[in-house]
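Only one structure is covered here, and it is reproduced in the block below.
Order of the sequence lines sets the chain letters (A, B, ...), proteins ahead of strands, with each chain counted from 1.
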Protein chains: 2
Amino acid sequence: MHHVVIIGGGFGGLHTALSLRSSPVKITLIDKRNFHLFQPLLYQVATGGLSPANIAAPLRAILKHQKNVTVWLGEAHGIEPKTNTLHLKDDSLTYDSLVVATGGENAYFGHPEWESVAPGLKTIEDATRIRKKILLAFEKAERLPVGKERTAYLTFVVIGGGPTGVELAGAIGEIAHHTLRHNFRNIDPSEAQIMLIEGTDRVLSTYPPELSERALQSLHRFGIQVLTNHMVTHIQPGHVQLQTDANDRIIMYSHTILWAAGVQSGTFGLALAQATQVQPDRAGRLPVEPDLSLPAHPNIFVIGDLAHFNHQLDAPLPGVAPVAIQQGKYIAKHIRIHLKGKSLPAFKYKDMGAMATVGRASAVAVIGKWKLWGFVGWLAWLFIHLMQLVEFQNRVLVFFQWSWNYLTRNRAARLITGGLLDPKKLKKT
Amino acid sequence: MHHVVIIGGGFGGLHTALSLRSSPVKITLIDKRNFHLFQPLLYQVATGGLSPANIAAPLRAILKHQKNVTVWLGEAHGIEPKTNTLHLKDDSLTYDSLVVATGGENAYFGHPEWESVAPGLKTIEDATRIRKKILLAFEKAERLPVGKERTAYLTFVVIGGGPTGVELAGAIGEIAHHTLRHNFRNIDPSEAQIMLIEGTDRVLSTYPPELSERALQSLHRFGIQVLTNHMVTHIQPGHVQLQTDANDRIIMYSHTILWAAGVQSGTFGLALAQATQVQPDRAGRLPVEPDLSLPAHPNIFVIGDLAHFNHQLDAPLPGVAPVAIQQGKYIAKHIRIHLKGKSLPAFKYKDMGAMATVGRASAVAVIGKWKLWGFVGWLAWLFIHLMQLVEFQNRVLVFFQWSWNYLTRNRAARLITGGLLDPKKLKKT
């Protein structure tokens, strides 16, 4: 029976598998994690609004009744296209069709050393690590005398003005101004400075300028300082250095520097590029044919964040969930139809719009030809994200927690976890 | 103003602080974690039924409106009773009254090397680590051929037949027989062997024999093998060695060995014993006076798991939440009354009973003179635990998830987190 191997249980890989539900194929879905992660809400885990399990669904649970799928916990390592062989770290298997949906990881523009100082937000572990960083900063400030060091702990720098950066900064603003109110005795959390750094001339630069403007207004209302046209030139523990296009240099002192500035394809993406002699783009994404297959490799498909698709477009498709989902469904149909000896027209992305929250009860959204913002935009954002959560149980849990957080301005999941407190970290310096 | 320093934000410490709400004292509550943990439900986090945040409440959130409390994130290190000085790892402060409620940690009866193989269940990190161990075992078995190794991955050994051990074993039974049903293609999770090892002649040995018998029947019904009168003599990766009182030796091959056999006081408890020249008992607990103060140190109080209280009792009080809570409230009253120059009769424990779940929809409970078991016992257990959760939000979240888990037999929080998958760990051996 035709064997479809899917690497990655994210939006692209999962929807490929689900859409092959009733097809005469044997599917092996490989992921190094045992769950599907709803990444668009990861920033809410990083800011204590939701628990990891609320935005993750075990792959085996989702697929347990789909008998033609076998889920493998494993990591793709290398590939031999000639023999249709995929190598895992500890095993190997052959495929008839291969779907590569391994997504991306944080990109530091040639400065990998920045990652240890300025964590990005890609995995559950990233989220709990950032949560710990944010909460510990307030704890440390509470025990420091007024001064430079305390100010550095009460300064939060978010690098990257895209949706993730805007949502992170907005949520930190909410924490400082609402959640932690009355929680401390020596500091006033609302004194915290929150900076959002963007290299281009506006936040949410992929959105209509009007919405960028609305988002900016909301950010200001939440006390967040936005620096556009500022590039990061240097990051070290305790400070970040910026440069304006007028070549002015700015140094900011902060113990909480967060990275939301870029994504690149992971190691397997590069291995695949080598094995197939496909030239990746600057972000490491692989250019794909109109049918999402790799040039000269009609049975290897690349979808989601790893794919560079720009046929009849001015710019390649963005790395967002709707693109990955539509591509996954397209591949499923493609495989079904090819099994019947027929062929399918090129993939076409149906752009349903985009949306991002900007702090408490505020969001900007483009839906079809509508533009929404503020509270209305937020309600739209709320509804659409709730509906997209994979499991009903999570929809209810998330809905309840959002309502509760909204009413009480509380965030129950503000736990400092992951190793007991390191006393050195708390030492007054 | 009279300065009360409380070490530990568990049941004892938290209730001391809360009960001093309207007293003319200044309170400093020190904990190395930023949350109060509802330990009785920790096993549900370890088995994917609940998320960490559901059973943890940020101390600052609980106490934010109690202006006479300052919460410090820090770790007690040493003490100088003569000068009423408490040393933290990075700081020190003086007290008028000191309340030590630092609780206990896992005890390995002189075999600390066992901990790396057989983790215990005391912290959130322990719980997610055990959750990972249990879930990875099934994942590994799924990819192994039939044989000794696969069987070892499908064998779970829980050491200790007290409430924690019984609840852990019961929950693993539920996972194997219900939660993971249809989740795998190569293994049948219900083939998993679950062993519960107890050194005495019955499980729940502190409960009435009748309830031990009921619990045993439930455990058998869930396919759990119970070995009483078996002592652990040796633990190594992959196997555990047992000894019967008839000196028979048994070796069990398992990659998931869990420890629920003993608690001892932590490092600060020992430092305190030295500084006050109090002789700890075998478990490291400190004998306290009838008023819970340390001998010859009337302003240092020890409560909860760290205290050894046996005045007019045949056995010292057990290390359970109700004891710690009642002791915390007593201390608060004690301090209040002493400030008025009066004194208080000795502490008396009002035993409200005890309860433990035994797998799906089954529990045993002693409430006053009543004995409950099975479904009725479970409902009582459910109600009482829900009511005791600190925050309303958590009550709702836990109630919903329990109802949902009961109806669907699903457990949404079965995430393998904490570091990406280590491929070596998955390697076929």
#### Entry: With sequence neighbours excluded, residues passing ring pair (Phe, Tyr, Trp, His ring centres under 6.0 Å) with A:Phe399
none
## Note on the structure
Whatever's closer than 4.5 Å to a heavy atom in chain A on B:Asn405 counts as side chain
### Message
Less than 4.5 Å apart, side chain to side chain, heavy atoms only: is that true for B:Pro52 and A:Thr417?
### Response
no
## Note on the structure
Correct closest heavy-atom pair for B:Ser51 and A:Ala53 would be OG-CB, 3.3 Å
### Query
Just wondering, are more than 12 heavy atoms of other shown residues or ligands nearer than 6.0 Å to NZ in B:Lys133?
yes
### Message
Heavy-atom pairs under 4.5 Å with chain B: which of A:Val69, A:Val71, A:Thr128, A:Leu135 has the most?
### Response
A:Val69
### Task
Select one option (side chain, backbone, both, neither) describing which atoms of B:Leu88 are under 4.5 Å from chain A's heavy atoms.
side chain
### Query
Taking B:Arg185, B:Arg181, B:Glu142, B:Arg414 one by one, which has the highest count of heavy-atom pairs under 4.5 Å against chain A?
B:Arg185
### Query
Is chain B contacted by the side chain of A:Ile124, its backbone, both, or neither, given a heavy-atom distance below 4.5 Å?
side chain
### Query
Do you know which of B:Asn410, B:Asn186, B:Thr408, B:Asn183 has the most heavy-atom pairs with chain A at a distance under 4.5 angstrom?
B:Asn183
### Message
For a quick test of reading the model, state the closest non-hydrogen atom pair linking B:Phe35 to A:Ile416 and the distance between them.
### Response
CE2-O, 3.6 Å
### Query
Looking only at atom types and distance, does a side-chain atom of B:Arg143 sit under 3.5 Å from a main-chain N or O of A:Leu73, one as donor and one as acceptor?
yes
### Message
Are there over 12 heavy-atom neighbours, none belonging to B:Lys26, within less than 6.0 Å of that residue's NZ?
### Response
no
### Query
Do A:Glu139 and B:Asn34 come close enough that some side-chain heavy atom pair is under 4.5 Å?
yes
#### Entry: Region of A:Leu180 that comes under 4.5 Å of a non-hydrogen atom in chain B
neither
### Query
Out of curiosity, B:Arg60 CZ to A:Thr179 OG1, how far, rounded to the nearest 0.5 Å?
14.0 Å
### Task
Tabulate, in ascending numerical order, the residues of residues 390-398 of chain B having at least one heavy atom closer than 4.5 Å to a heavy atom of chain A, or enter 'none'.
B:Glu391, B:Phe392, B:Gln393, B:Val396, B:Leu397
